[in-house]
Amino acid sequence: DAVATHGRGAGAAEGRGPLRWRRPVDLEACVITNRWMTLVRHLHTLDLIPRLPVLLSWDLALTAVSVVRRPGLLAAIARRWPLVMDEWRARGDRSRRRLRELPW
């Protein structure tokens, strides 16, 4: 008799098809840029470099298709771009801090 409601889709428009086409544009921009920030934050450089071609091609293709379908998405991503760049700049700081913390 239990009923579960998935709250993440609550802001999506009714209908069928992928959630990414039904979410509000600002929420979709958050999902896309948070993926980029998570990759930048957590992938070590030695892991990031060999994966970068696949990650870039996939994300650029998906983002391009999304922007073609929903032109307002580009402006929403542009508004969040400074957050992505802040993560990128902090990446070097975190790496240097970790090296200093090594017990040698």
Could you state whether V54 and L39 fall into the same hydrophobic cluster, counting links through intermediate Ile, Leu, Val, Met, Phe, Trp or Tyr residues with side-chain heavy atoms under 4.5 angstrom apart?
no

Give a yes or no answer on whether the side chain of R91 reaches the backbone of V40 with a donor-acceptor pair at less than 3.5 Å.
yes

What is the minimum heavy-atom distance between V25 and A76, and which atoms define it?
CG1-CB, 3.8 Å

Identify, with sequence neighbours excluded, every residue that meets side-chain hydrogen bond (donor to acceptor under 3.5 Å, both in side chains) alongside T63.
none

Please confirm whether the backbone N or O of C30 pairs with a side-chain atom of N34, one donor and one acceptor, at under 3.5 Å?
yes

Once you round to the nearest 0.5 Å, how far does CG of L83 lie from CG of D86?
6.0 Å

Output all residues satisfying side chain to side chain contact (heavy atoms under 4.5 Å, CB included) with L74, sequence neighbours left out; order by chain, then residue number.
V67

Could you work out the complete set of other residues in the hydrophobic cluster of L62, with links drawn between I, L, V, M, F, W and Y side chains under 4.5 Å apart?
W58

Joint cluster assignment, W88 & I49, ILVMFWY side-chain distance < 4.5 Å:
no

Could I get the full list of side-chain hydrogen bond (donor to acceptor under 3.5 Å, both in side chains) partners for D59, not counting sequence neighbours?
R35, W36

In Å, rounded to the nearest 0.5 Å, how long is the span from CD1 of I77 to CD1 of I32?
4.0 Å

Quick one: are R80 and M37 in side-chain contact, heavy atoms under 4.5 Å?
yes

Report yes if some heavy atom in the side chain of T38 is under 4.5 Å from a heavy atom in the side chain of L43; otherwise report no.
no

Between atom CG of L48 and atom NE2 of H42, what is the distance when rounded to the nearest 0.5 Å?
13.0 Å

D47 backbone acceptor or donor facing R51 side chain under 3.5 Å
yes

Does D26 come within less than 4.0 Å of R79, counting only side-chain N to carboxylate O?
yes

